[in-house]
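Naming convention: chains lettered A, B, ... in sequence-line order (proteins, then strands); numbering from 1 in each chain.
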Protein chains: 2
Amino acid sequence: MSQMPDFSVLAATCPSRTSLARIANKWTAMVVSVLGNNGLMRFGDLRTRLDGISGKVLTETLRDLERDGLVTRHVHAEIPPRVEYELTPLGFTLHAPLLALCTWAEEHITEVLASRERYDVRNG
Amino acid sequence: MSQMPDFSVLAATCPSRTSLARIANKWTAMVVSVLGNNGLMRFGDLRTRLDGISGKVLTETLRDLERDGLVTRHVHAEIPPRVEYELTPLGFTLHAPLLALCTWAEEHITEVLASRERYDVRNG
DNA sequence: CAGAATCCTTCACGATACTG
DNA sequence: CAGTATCGTGAAGGATTCTG
């Protein structure tokens, strides 16, 4: 029987926490959700879909996801350049969980906003 | 039939994005996971479980979660003070999704570390 | 087009000290 | 004990410019 080493994100020095920090992140959630919904996508299209993201941040996010093995980068030898990204099988295992977060935010924003208003009235 | 206003986290100015930013966050994931697993918890116990978190950050995280209606704060009139936190019903709807992220990080950290090593060898 | 490089601002976070 | 207040640092993120 294979022995699972017990990693825990609750332990400050556990490497799994660095991975959690990468995936429990708003840009990651949005990138993985969009890539999972659309399959192969160009950098520019991704940038357009993720309204408001800067080129720098998208590049960094994608590079980090690539480094962690969640995204693959396909460079086409063309002019002008075309670079496409897609989820790896590993990355796709995150699609449902991260899409769930995006959906949760959209479905419950009314309740959240109401709660914020109540809180802010009670306090300063 | 009730009409769902179409909020989208992909729209830069949509308020749901502020909510996504709050929940798609490593501290939130850890706090909600631990609170969901243990029910009512004291501040100090929470601080101990979330190894490495500073008091300031835990306080801020809990206050933001309370403001968004995900956590309730119970203050007991005792000396020394005792303050307990628990998930609201709304907050509990996030328990499974956020726990899934923590579990994912732990279960896949070996693959992620291997991918990072390969990436770093190929590049600088 | 897809970035790399640069600069700058803001924020997250930690450490420390203090208080009811 | 559970904070608050203050300060300092590094990282996150944006705007702009440049290039193959």
Side-chain angles (χ1 to χ4, degrees), chain A residues 9-13 17-31 34-35 40-68 71-86 119 122-124, chain B residues 9-10 12-13 17-18 20-31 34-35 40-68 71-86 119 122-124:
Chain A
V9 294
L10 297 180
T13 60
R17 198 179 273 190
T18 68
S19 183
L20 178 64
R22 167 59 32 215
I23 66 178
N25 165 286
K26 85 174 168 177
W27 293 124
T28 296
M30 291 171 62
V31 166
V34 168
L35 276 182
L40 202 63
M41 284 184 80
R42 298 188 61 161
F43 181 88
D45 293 338
L46 212 34
R47 196 188 196 305
T48 302
R49 278 306 286 290
L50 305 175
D51 185 36
I53 196 172
S54 71
K56 180 195 169 201
V57 169
L58 180 54
T59 298
E60 289 169 350
T61 301
L62 287 169
R63 184 165 351 105
D64 289 341
L65 292 176
E66 188 195 1
R67 189 169 101 100
D68 280 11
V71 156
T72 311
R73 182 165 177 269
H74 304 277
V75 183
H76 298 266
E78 301 173 7
I79 292 181
R82 184 167 100 243
V83 181
E84 293 172 309
Y85 295 87
E86 65 177 340
Y119 183 94
R122 275 199 306 275
N123 311 280
Chain B
V9 295
L10 297 181
T13 60
R17 197 180 272 191
T18 69
L20 178 64
R22 167 58 35 214
I23 66 177
N25 166 285
K26 84 175 168 176
W27 292 124
T28 296
M30 291 171 62
V31 166
V34 168
L35 276 182
L40 203 63
M41 284 184 80
R42 298 187 59 160
F43 181 88
D45 293 336
L46 213 35
R47 195 189 196 305
T48 303
R49 279 306 285 289
L50 304 176
D51 185 36
I53 196 172
S54 71
K56 181 193 169 203
V57 169
L58 180 54
T59 298
E60 289 170 349
T61 301
L62 287 168
R63 190 172 337 116
D64 288 342
L65 292 176
E66 188 194 1
R67 189 169 100 102
D68 281 11
V71 156
T72 311
R73 182 166 177 268
H74 303 276
V75 183
H76 299 265
E78 300 173 7
I79 292 182
R82 184 169 98 240
V83 181
E84 294 172 309
Y85 295 88
E86 66 177 341
Y119 183 93
R122 278 198 305 274
N123 312 278

For [X] versus [Y], what's the shortest heavy-atom pair and its separation?
{"X": "B:Ala29", "Y": "A:Ala24", "answer": "CB-CB, 4.4 Å"}
{"X": "B:Leu35", "Y": "B:Tyr85", "answer": "CD2-O, 3.6 Å"}
{"X": "B:Leu50", "Y": "B:Val34", "answer": "CD2-CG2, 3.8 Å"}
{"X": "B:Val9", "Y": "B:Arg17", "answer": "O-NE, 2.8 Å"}
{"X": "B:Thr28", "Y": "B:Asn25", "answer": "N-OD1, 2.9 Å"}

Checklist line | Euclidean distance, B:Arg47 CZ relative to B:Leu62 CG, rounded to 0.5 Å | finding: 11.5 Å

Check: If we fit an axis to the first five pairs and another to the last five of the helix from C:dC1-D:dG20 to C:dG20-D:dC1, what angle do they make, to the nearest 10°?
Finding: 50°

Next item on the list: Sugar-phosphate atoms are those with a prime plus P, OP1 and OP2; base atoms are the rest. Using that split, label each nucleotide of nucleotides 1-16 of chain D B, S or - for protein heavy atoms under 4.0 Å, 5' to 3'.
Entry: BSSS-BB-----BBB-

Notebook entry, point to check: Has the side chain of A:Arg42 got a donor or acceptor atom that lies under 3.5 Å from a matching backbone atom of A:Val83?
Noted result: no

Item checked: salt bridge (Lys or Arg N to Asp or Glu O under 4.0 Å): pairs with one or both residues in residues 76-85 of chain B, sequence neighbours excluded -> B:Glu78-B:Arg82, B:Arg82-B:Glu84

Check: Considering only heavy atoms from C-beta outward, does the side chain of A:Leu20 approach that of B:Met30 to under 4.5 Å?
Finding: yes

Item checked: side chain to side chain donor-acceptor pair (under 3.5 Å) contacts in which one or both residues fall within residues 49-68 of chain A, not counting sequence neighbours -> A:Arg22-A:Asp64, A:Arg67-B:Asp120, A:Asp68-B:Arg116

Margin query: What is the first contacted nucleotide of DNA chain C and what is the last, in 5' to 3' order, if contact means an atom lying under 4.0 angstrom from a heavy atom of chain B?
Written below: C:dC13 to C:dG20

